[in-house]
There are 2 protein chains.
Amino acid sequence: MTYDAGMTTTERPTLTRDRVIDAAVAYADEFGLESLSMRKLGAHLGVEAMSLYNHVDNKDDLYDGMIDAIFVDIEMPDAAGSWQEQIRSIGGAAMDTFAQHAWVVTLLMTRGNYGPGSLAFMDRTVGILFEAGFDEDAAHHAWQLLASHTMGYAFQVASRDSGTFTRDEEQLAAEFALVAPQFPHVARIGDAMMKCDFVDEYRYTFDIVIAGLEARLAAQR
Amino acid sequence: MTYDAGMTTTERPTLTRDRVIDAAVAYADEFGLESLSMRKLGAHLGVEAMSLYNHVDNKDDLYDGMIDAIFVDIEMPDAAGSWQEQIRSIGGAAMDTFAQHAWVVTLLMTRGNYGPGSLAFMDRTVGILFEAGFDEDAAHHAWQLLASHTMGYAFQVASRDSGTFTRDEEQLAAEFALVAPQFPHVARIGDAMMKCDFVDEYRYTFDIVIAGLEARLAAQR
DNA sequence: ACCTGAACACCGTTCAAGT
DNA sequence: ACCTGAACACCGTTCAAGT
């Protein structure tokens, strides 16, 4: 993603915006979003925290950069196959990336984002809908539905996987087992919930959403 | 929600866990989640921050209490009508509450929660599915789909409405207008997106999800 | 132009001391 | 039993000073 143009013979390459953001992404991947601070990121880069402010406006700007870097990383499928197949594989690619960098979901959910990376992703998706014949209104509804469906599952992935999530899996299971008797219906699906793979679950229910969109497209004609 | 049992003749009622949590909820409603600190909440209650620790383990515990208080507040519909109608009105009630306290979505998304309030809510919903004839497997998938769908839209509501969201609406629209020309498909639905009511949008697409669940139920038989 | 050190105004939380 | 004040180990960010 970055050209490494600043690499010199000294062991510490000069700082650039991209390098700061990439380091922040790597740091969040390794240590979790909640332990990312300007001071620690600076130390990680062998620099005082205050130097970062030469390349990034403030921490919010850093967050925006991190989100965008992740969106750029989503592997876009080539434009082959039906619109249903294309939409499905775009969604799957996004979920894979979200599962890999769970912190980005938290960031996205608390901040939102309209950087070039996320907009390019969105443009590609909406373009497929237009090509399929959706009109403005239907395309808008479809995007909203697809985004909500994807973010909903991504949230569940992030809730379980992210370092931001303050309880670990065992602790969660223990808490759950303790209270389950009071909630008989929940108890019956508790086991399935605890070992549910949300990425699989997402793909499983995707067809329902696609079917809904097909019906909407047919109704429009 | 609280009995006010600690009310005395003095102007400052004695602190209780419920009172601390209720005050935190009110504070987040008024000033936003990001400006809620133990020190400010203490001051708001006419007490030093450190006093709060007599009623709450730490800030995470306070957060858990706040989430649960909101779940308890969701107005549950009475058990009349088809399962489709019941599920629909439970979802609508949850969305209304989330829209009213947008910060709770952020909290839920960054922390998760299995307190008595959220479990009771979940138990009620899953109970309706069982009563409708879903088996364990189908009920689990259905819950996951409903939860994701709801949380996905709730996230969008929260992104726009919450004080946590760092940009305001005008700023967002301005940013959007600036970059839209580069993203032609997004630009076509941009207007609809900017003035979209997510709660309406949620209800609009709910039928698609219900239809999918009906098909799943039929396939099971 | 970029990096630094000290400083400012905050955090959550601990702990010994008060009543 | 509950509340307090001082303290500790952190934050993000500003700003004048260095090179």
Side-chain angles (χ1 to χ4, degrees), chain A residues 2 4-24 27-28 31-66 103 106-107 110-111 163-167, chain B residues 2 4-24 27-28 31-66 103 106-107 110-111 163-167:
Chain A
T2 170
D4 278 27
M7 202 50 132
T8 67
T9 51
T10 81
E11 57 175 305
R12 196 176 84 197
T14 64
L15 245 41
T16 61
R17 183 172 216 272
D18 276 348
R19 204 183 305 282
V20 169
I21 289 169
D22 286 354
Y27 194 98
F31 305 108
L33 184 66
E34 76 290 344
S35 76
L36 171 68
S37 74
M38 299 301 271
R39 285 168 150 95
K40 286 189 205 158
L41 181 59
H44 202 68
L45 283 161
V47 107
E48 295 300 312
M50 300 72 206
S51 305
L52 303 175
Y53 287 86
N54 286 309
H55 306 97
V56 143
D57 289 347
N58 47 40
K59 205 180 185 187
D60 280 347
D61 186 35
L62 177 64
Y63 283 148
D64 283 339
M66 292 169 73
W103 51 265
T106 306
L107 228 41
T110 50
R111 295 187 45 68
T164 317
F165 198 48
T166 35
R167 304 172 193 76
Chain B
T2 172
D4 278 26
M7 204 48 134
T8 68
T9 50
T10 82
E11 57 176 306
R12 195 176 84 196
T14 64
L15 245 40
T16 61
R17 183 171 217 274
D18 276 348
R19 203 182 308 281
V20 170
I21 288 169
D22 286 353
Y27 194 97
F31 304 109
L33 185 65
E34 76 290 344
S35 77
L36 172 68
S37 74
M38 299 302 270
R39 286 168 150 96
K40 287 189 205 157
L41 181 59
H44 202 69
L45 283 162
V47 107
E48 296 299 312
M50 299 70 205
S51 304
L52 303 175
Y53 286 86
N54 286 308
H55 305 98
V56 144
D57 289 346
N58 46 40
K59 205 180 185 187
D60 281 347
D61 187 36
L62 176 64
Y63 284 148
D64 283 339
M66 292 169 73
W103 51 264
T106 306
L107 228 41
T110 50
R111 295 188 44 71
T164 317
F165 199 48
T166 36
R167 305 172 192 75

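These numbers come from a predicted model, not from an experiment. Lettering follows sequence order; numbering is per chain, from 1. These numbers come from the heavy atoms of this one structure, side chains and all, not from hydrogens, waters or symmetry mates.
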Exercise for the section: Mind checking side-chain contact (heavy atoms from CB on, under 4.5 Å) for N54(A) and listing every partner two or more places apart, or none if nothing turns up? Expected result: none
Handout entry: Phosphate-side-chain proximity, S51(B) and dT4(D), N/O vs OP1/OP2 below 4.0 Å
Key = yes
Practice task
Would you mind building the protein contact string for nucleotides 6-19 of chain C? One character per nucleotide, 5' to 3', B for base within reach (heavy atoms under 4.0 Å), S for sugar-phosphate only, - for untouched.
Solution key: BB---BBBB-----
Practice task
Ignoring hydrogens and angles, tell me if any N or O in the side chain of H55(B) forms a donor-acceptor pair with the backbone of L15(B) under 3.5 Å.
Solution key: yes
Problem - Spacing of D57(A) atom CG and R17(A) atom CZ [to the nearest 0.5 Å] - result: 7.0 Å
Fill in the blank from the handout: Atom CG of L15(B) and atom P of dC2(D) are separated, to the nearest Å, by 10 Å
Exercise for the section: Dot-bracket notation for DNA chain D is requested: 5' to 3', Watson-Crick or G-U wobble pairs only, both distances under 3.5 Å, with ( ), [ ], | and . as defined. Expected result: ||.|||||...|||||.||
Practice task
Could you check if a side-chain atom of Y63(A) sits within less than 4.5 angstrom of a side-chain atom of L33(A), using non-hydrogen atoms only?
Solution key: yes
Handout entry: Validation row: L41(B), L62(B) side chains within 4.5 angstrom (heavy atoms)
Key = yes
Problem - Phosphate OP1/OP2 of dA1(D): any H55(B) side-chain N/O under 4.0 Å - result: no
Fill in the blank from the handout: Value for CG (N58(B)) from CG (D64(B)), rounded to nearest 0.5 Å, stands at 9.0 Å
Problem - Nearest-Å distance for atom pair CG/P, residues N54(B) and dC2(D) - result: 7 Å
Practice task
Quick one: pull up CH2 in W103(A) and OG1 in T110(B) and give me the separation to the nearest 0.5 Å.
Solution key: 16.0 Å
Exercise for the section: Using atom types as modelled and distance alone, determine if a side-chain donor or acceptor of K59(A) lies under 3.5 Å from a backbone N or O of M38(A). Expected result: no
